J.: 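There's a structure below that I have some questions on.
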Amino acid sequence: QLQLVESGGGLVQPGGSLRLSCAVSGITLDEYAIGWFRQAPGKEREAVSCISKSGAYHYYVDSVEGRFTISRDGAKNTVYLQMNSLKLEDTTVYYCAAERRPGPGCAKRVSQYDFWGQGTQVIVSS
């Protein structure tokens, strides 16, 4: 049974770091691109980062470029989002999602993803 489970969220001060994990079961990362999204209250869910099924291609939204790093561990079937230099505006719920993609790259739109996790809360506060 396919399942994506996020973990690693929590409370951190501005400038701090967190590492989010997306543990995937029921599929292998060789078949699916994985994306990280976030959704603040009253706003649309936005793509933060994604990684291709080969791991060779990464995408970052401009607001996190240089601060966040996405990576994958095929042996653990887990994708990570290392978040450094966190800002107040990074506070929200973060979701991982899986896209069954025949070719390279990874999608940036919510509608292109097939499966979703339940989310993990990140709070950046002093």
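For this chain, numbers begin at 1 and follow the sequence in order. Everything numeric in this text was worked out from a predicted model, so none of it was measured.
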J.: Going hydrophobic residue to hydrophobic residue with side-chain gaps under 4.5 angstrom, can you get from Tyr80 over to Tyr95?
T.: no
J.: Taking Tyr59's backbone N and O only, do any of them form a donor-acceptor pair with Ser49's side chain (distance below 3.5 Å, no angle check)?
T.: yes
J.: Do the non-hydrogen side-chain atoms of Leu81 and Val79 ever get within less than 4.5 Å of each other?
T.: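 Side chain of Leu81 against side chain of Val79, heavy atoms only: no contact under 4.5 Å found.
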J.: Quick one: do Leu18 and Val5 end up in the same hydrophobic cluster if we chain Ile, Leu, Val, Met, Phe, Trp and Tyr together by side-chain heavy atoms under 4.5 Å apart?
T.: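 Looking at the clustering, Val5 is in a separate group from Leu18.
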J.: Following the transitive rule for hydrophobic clusters with a side-chain heavy-atom cut-off under 4.5 Å over Ile, Leu, Val, Met, Phe, Trp and Tyr, establish whether Leu4 and Val93 coincide in one cluster.
T.: no
J.: To the nearest 0.5 Å, tell me how far Ile123 CD1 sits from Thr91 OG1.
T.: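 The OG1 atom of Thr91 is 7.0 Å from CD1 of Ile123, to the nearest 0.5 Å.
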J.: Atom CZ of Arg109 and atom SG of Cys50: how far apart are they, to the nearest 0.5 Å?
T.: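 SG of Cys50 is found 12.0 Å from CZ of Arg109.
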J.: Return the minimal non-hydrogen interatomic distance between Ile27 and Ala98, and the atom names on each side.
T.: CD1-CB, 4.0 Å
J.: Do Ile34 and Tyr113 land in one hydrophobic cluster if side-chain heavy atoms of ILVMFWY residues count as linked below 4.5 Å?
T.: no
J.: Are Val122 and Leu11 joined in one hydrophobic group, where the rule is that I, L, V, M, F, W and Y side chains link up if heavy atoms are under 4.5 Å apart?
T.: no
J.: With rounding to the nearest 0.5 Å, note down the distance linking OG1 in Thr69 to CZ in Arg19.
T.: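 If we round to the nearest 0.5 Å, Thr69:OG1 and Arg19:CZ are 11.5 Å apart.
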J.: For Lys76, does its backbone N or O pair with a side-chain atom of Thr78 as donor and acceptor, under 3.5 Å?
T.: yes
J.: Quick check: does any side chain N or O of Thr120 sit under 3.5 Å from a backbone N or O of Gly9, one acting as donor and the other as acceptor?
T.: yes
J.: Say whether, by atom type as modelled, one donor and one acceptor occur between the side chain of Glu46 and the main chain of Arg38 under 3.5 angstrom.
T.: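 Not confirmed, Glu46 side chain does not pair with Arg38 backbone.
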J.: Are Trp36 and Glu6 close enough, and set up right, to give a side chain to side chain contact (heavy atoms under 4.5 Å, CB included), and what steps lead you there?
T.: CA-CA 10 Å; Trp36 282 99; Glu6 303 94 335; 3.9 Å; yes
J.: Rounded to the nearest 0.5 Å, how far does CD1 of Ile51 lie from SG of Cys22?
T.: 11.0 Å
J.: Report yes or no: do Ser17 and Asn84 form a side-chain donor-acceptor pair below 3.5 Å?
T.: yes
J.: With distance as the sole test, does Asp90 use its side chain to make a donor-acceptor pair with the main-chain N or O of Val124 at under 3.5 Å?
T.: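 Side chain of Asp90 to backbone of Val124: no pair is present.
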J.: CZ of Phe68 to CG of Leu86: how many Å apart, nearest 0.5 Å?
T.: 5.0 Å
J.: Run the side chain to side chain contact (heavy atoms under 4.5 Å, CB included) check on Met83 and Leu20 step by step: do they pass?
T.: CA-CA 8 Å; Met83 306 188 299; Leu20 305 184; 3.7 Å; yes
J.: Please check if the number of heavy atoms outside Glu89 that lie under 6.0 Å from its CD is greater than 12.
T.: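 Check passes, neighbour count above 12.
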J.: Using ring centroids (six-membered ring only for Trp), state whether Phe37 and Trp116 fall under 6.0 Å.
T.: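 Centroid distance Trp116-Phe37: below 6.0 Å, so yes.
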J.: Rounded at 0.5 Å granularity, tell me how far OG in Ser125 sits from CD in Gln13.
T.: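 Reported value, rounded in 0.5 Å steps: 8.5 Å.
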J.: Would Lys87 and Val64 satisfy side chain to side chain contact (heavy atoms under 4.5 Å, CB included), going step by step from the backbone distance to the final call?
T.: CA-CA 10 Å; Lys87 302 177 180 180; Val64 308; over 6 Å; no
J.: Taking Ser21 for the side chain and Ala23 for the main chain, is one N or O donor matched with an acceptor at less than 3.5 Å?
T.: no
J.: Do side-chain atoms of Asp114 reach the backbone of Glu99 as a donor and acceptor pair under 3.5 angstrom?
T.: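 No: the side chain of Asp114 does not pair with the backbone of Glu99.
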J.: Any side-chain heavy-atom pair from Ser126 and Pro14 closer than 4.5 angstrom?
T.: yes
J.: Pair Gln39, Tyr94 - check side chain to side chain contact (heavy atoms under 4.5 Å, CB included), show working.
T.: CA-CA 7 Å; Gln39 185 170 20; Tyr94 286 72; over 6 Å; no
J.: What residue among Arg72, Arg101, Lys53 forms salt bridge (charged side-chain N to carboxylate O under 4.0 Å, His left out) with Asp30?
T.: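 Checked Arg72, Arg101, Lys53 against Asp30; only one passes salt bridge (charged side-chain N to carboxylate O under 4.0 Å, His left out): Arg72.
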J.: How about CD on Gln118, more than 12 heavy atoms from neighbouring residues, nucleotides or ligands closer than 6.0 Å, or not?
T.: no
